[in-house]
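Letters A, B, ... mirror the listed sequences (proteins, then strands); counts begin at 1.
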Amino acid sequence: MPELPEVELVGRHLRPHILGRRIRHVTATAPSYFFLTSPATLRQQLPGETIRSLERIGKYLLAQLSSGRRLLLHLGMTGQLILEGAQSPRLVHGTPFVRDKHTHLVLEFADSGPKLYFRDTRKFGKVRLLMPGESDPRLDKLGPDALTLTQRILFGASRKRRAKVKSMLLDQTVTAGIGNIYADESLSLARIHPERPAMSLTESECKNLARIVRRVLTRSIEAGGSSIDDYIHPDGSKGGFQQRFRVYGREGEPCRKCGTAVSRVVIGQRSSHFCPNCQRF
DNA sequence: CAAATCCCCTGCAGGC
DNA sequence: TGCCTGCAGGGGATTT
């Protein structure tokens, strides 16, 4: 589910519903590495806090709280932030979401508005409460946001890299927000083979690739993001960008440009899709 | 150092 | 129907 466009959309959908609201009660499940801050601490510390702002940083969401503390959230692979009343993603059409065994955190507010559920089946997501002035190394290490990716950043990062260009795009310290889908889609549009050594890219290829990354991410946001198995929006609605995938998840299917079968290779433990004709090594 | 490998966790689809 | 394998929008720790 969540790469930059999806996280951005979750933030946009959530803001009107949670900003300015005061947390009254917190329910959190058993400790797991989902909780960088213990559930007990969250239950104890969050009530009384008002959510002042919510910003996206790469694939993270960071909520500023009234006490000066901050709540850091990451959706991992299957994380979902769901507003009470949302349509259930996989259950019968028209059924509102109800808390289940994968719902690890519930925020109830002092007003009568909807609760907020944080659900994550695989528990790769993260939640951490940052004390005033406290920082998180994960945030500190992030590169510039991928929506503002420039040729300069890509070209600079690529110079001494023997590693594959796709790995560079996925490296959040180079640029933050690109995940497996948008890396494949961007390289496809840029007609660059994902296994090319990053250092083999020319300056003009970097310029083109940076522009394409920005455009793909922007277009996906406009289309409501990509929804594959789970929904993404806090109200339960789905995105539509997955219908426009050129290569992602299309192994064996014809390239939309030349008809050649889309190939799949594994790069850095991740499936990588490309057209072997349009994206020459 | 940089780069490759393994691991965290759960559910689902497909082959037999 | 059931079992088994492989795979999944992420990223951190460990190894080479």
Using whole Å, what does the distance between atom [atom2] of nucleotide [N] and atom [atom1] of [X] come to?
X: A:R119; N: B:dT10; atom1: CZ; atom2: P; result: 13 Å
X: A:F35; N: C:dG12; atom1: CZ; atom2: C1'; result: 19 Å
X: A:R138; N: C:dG12; atom1: CZ; atom2: P; result: 6 Å
X: A:M168; N: B:dA4; atom1: CE; atom2: C1'; result: 18 Å
X: A:K166; N: B:dA3; atom1: NZ; atom2: P; result: 17 Å
X: A:R122; N: C:dA8; atom1: CZ; atom2: C1'; result: 5 Å
X: A:F34; N: C:dG10; atom1: CZ; atom2: C1'; result: 13 Å
X: A:D136; N: C:dG12; atom1: CG; atom2: C1'; result: 12 Å

Should B:dC9 form a Watson-Crick or G-U wobble pair with both distances under 3.5 Å, which nucleotide is its partner? none

Under 4.0 Å, counting only non-hydrogen atoms across every strand here, what does [X] touch: a base, just sugar-phosphate, or nothing?
X: A:Y60; result: sugar-phosphate
X: A:K59; result: sugar-phosphate
X: A:K164; result: nothing
X: A:S271; result: sugar-phosphate

How far apart are the C-alpha atoms of A:D171 and A:R161, what are their side-chain angles, what is the distance that settles it, and do they pass the salt bridge (Lys or Arg N to Asp or Glu O under 4.0 Å) test? CA-CA 12 Å; A:D171 184 342; A:R161 275 197 184 232; 2.8 Å; yes

Counting only side-chain nitrogens and oxygens, does [X] get under 4.0 Å of the OP1 or OP2 atom of [N]?
X: A:K123; N: B:dT10; answer: yes
X: A:H74; N: C:dG11; answer: yes
X: A:H102; N: B:dG11; answer: yes

Atom [atom1], compared across [N] and [M]: separation rounded to whole Å:
N: C:dT14; M: B:dC9; atom1: P; value: 15 Å
N: B:dC1; M: C:dG11; atom1: P; value: 23 Å
N: B:dT5; M: C:dC7; atom1: P; value: 15 Å

Decide yes or no for A:L129 and A:E134: does some side-chain heavy atom of the first lie under 4.5 Å from some side-chain heavy atom of the second? no

With heavy-atom distances below 4.5 Å as the criterion, would you say the side chains of A:Y33 and A:F124 are in contact? yes

Give the nucleotide from the list [options] with an atom nearest to the side chain of [X].
X: A:R264; options: C:dA8, B:dT10, C:dG10; answer: C:dA8
X: A:K101; options: C:dG10, B:dG11, B:dC9; answer: B:dG11
X: A:Q269; options: B:dC8, C:dG12, B:dC6; answer: B:dC6
X: A:N180; options: B:dG11, B:dC9, C:dG10; answer: C:dG10
X: A:Q172; options: C:dC7, C:dG11, B:dT10; answer: C:dG11
X: A:A163; options: B:dA3, B:dC8, B:dT10; answer: B:dA3

For A:Y248 and for A:K141, locate the closest nucleotide of DNA chain C by heavy-atom distance; then report the residue assigned to the nucleotide nearer the 5' terminus. A:Y248

A:K166 and A:S272: side-chain donor and acceptor closer than 3.5 Å? yes

For DNA chain B, whose closest nucleotide is more 5', that of A:S167 or that of A:T121? A:S167

Residue closer to the 5' end of DNA chain B, A:K160 versus A:G268 (nearest nucleotide): A:K160

Give me the ring orientation class for A:F35 and A:H104: parallel if the planes are under 30° apart, tilted from 30 to 60°, perpendicular past 60°. perpendicular

Stacked pair A:Y33-B:dC8, distance under 5.5 Å, angle under 30°: no

Do any side-chain atoms of residues 213-221 of chain A form donor-acceptor pairs under 3.5 angstrom with protein atoms, and if so which ones, sequence neighbours left out?
residue	atom	partner	partner atom	Å
A:R214	NH1	A:L149	O	2.6
A:T218	OG1	A:R214	O	2.7
A:S220	OG	A:Y182	OH	2.6

Assess whether one donor atom and one acceptor atom, taken from the side chain of A:R161 and the base of B:dA3, lie less than 3.5 Å apart. no

What's the separation between atom CD in A:E203 and atom CZ in A:R152, rounded to the nearest 0.5 Å? 10.5 Å

